[in-house]
Amino acid sequence: MDLLKLKKNKLHINNIKLEKILKKRQTPFYLYSLNQIRQNVKYINSSFKNFSPLICYAVKANSNLSILKELKKNNLGADVVSVGELKLALKAGIKPNKIVFSGVGKTDEEIKFAIKKNILSINAESTNEITLINDISKKLKKITNIGVRINPDIKAKTNRKIATGNKVNKFGISISEFLNVIKNKNKFQNIKISLLSVHIGSQIKDIKVYKKVLSLISKILIKLKNLKHIINCIDLGGGMGIPYFKHDKKFDFKKFGLEISKFYQKERIKIIFEIGRFITGNSGHIISKVIYVKKIKDRIFIIIDTGMNDMARSAIYDAFHEIIPLHKSTKKFSKKVEFVGPICESSDTFGVYKNYSILKEGDYVCITNCGAYGRTLSSNYNMRPLIEEVILNNKKIKTVRLRQKIEDLI
Ligand SMILES: *Cc1c(COP(=O)(O)O)cnc(C)c1O
């Protein structure tokens, strides 16, 4: 259930009027609800209670340190894709034995650091990388636990820019190549391949593709048995989609949990997930001010102070994030309105609405569901400072990251 709600035409979160949080704060800013995050984690855990997996939070979705600390308190591990994210996860107090490291382009330095920290698994994405991890481990006189990410050649129905499990995508190793590595494992004396991982993409709503993945993994497990190779963990990745607007389709998490449970009953193997969006997506929003209401013949542009540099998802993925006024007027605009940012790009747009409630210059709006891939995708384009981040914990309001200063960018 979403904690962001309109009550008597005023927008609330955690039962606090958003107008109250505005006080003296410079817009735009990110606002996160820790309560929402806790609720999401609880919901995920309840769907998975039959097999209690390790949930590694995908740090790239939102790498705010206060959020990572909260997730650590809730017993989550981390899925990282760079040494920077790895250091951040450790800084949040997440134990190395709960961290997996994914990514197609890990460098020598990154691999060396991960080996020295004894993380749960470095998930390799090519035979070249497996060879490199083995060589570095040998130099460090270590045996390193690794995972291999399989490219299952399964198309997930999602935006093509966030699909990762097709054979033409750069991610993972084909099944035949993986089995070849296992057949030749004597060449790799300093690694132990103990995990198999799959991540087919993001913002997936249909559990059918996950069912395909599960049956494929079962087949691979039989082949591994025949080769007398034992792995002890399956990492099923992330990708569970969230609704971005009122009647958007939902991902059936309960049903998903039942499918995984069936797989677990059959295979009896430890399961890991790498979940990002579903944990933080609906916990974060951007509060923004209307700078201009610009009328042209065909429509009305609502020019807000948030740009694609602060929230890139609309520009990159054509993603729709519902925008809600902090104080909703009962009167409506008669023309179409389009929300746009101040950036000098036509893709700096946040959607077109009909019959939108009237807004004036100086009014405030909320861009909803920006808690995943919001701040982490933002940039300094147009010499704009990264914006403030504010956290709500019950009724407590706290700035956890200050807005950058223009002087610091020079
Ligand atoms: C991004 C990513 C995830 C998380 O995906 P979500 O859609 O945010 O759940 C998990 N695993 C890997 C390898 C990723 O790159």
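Atoms within each ligand, like the ligands themselves, are counted from 1 in listed order. Each residue takes its place number in the sequence, starting with 1. Quick caveat: nothing in here was measured; it's all calculated off a predicted structure. Values below: every heavy atom of this structure, side chains too, minus hydrogens, waters and symmetry copies.
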Checklist entry - Could you state the interatomic distance from NE2 (H199) to CD (E274), rounded to the nearest 0.5 Å? => result 7.0 Å
Next on the checklist: For K249, is there an ion pair with D206 - N to carboxylate O distance below 4.0 angstrom?
Outcome noted: no
Item to check | Contact residues of ligand 1, where a non-hydrogen atom lies under 4.0 Å away | outcome: A58, K60, D79, S102, R149, H199, S202, G238, G239, E274, I275, G276, R277, Y373
Next on the checklist: Pairing donors with acceptors under 3.5 angstrom, does anything connect the side chains of S202 and R277?
Outcome noted: yes
Checklist entry - Would you call K112 and E109 a salt bridge, using N to O less than 4.0 angstrom? => result no
Next on the checklist: Between N15 and K7, is there a side-chain donor-acceptor contact under 3.5 Å, judged purely by atom types and distance?
Outcome noted: yes
Next on the checklist: Heavy-atom count check: over 12 atoms from other residues, nucleotides or ligands less than 6.0 Å from K185 NZ?
Outcome noted: yes
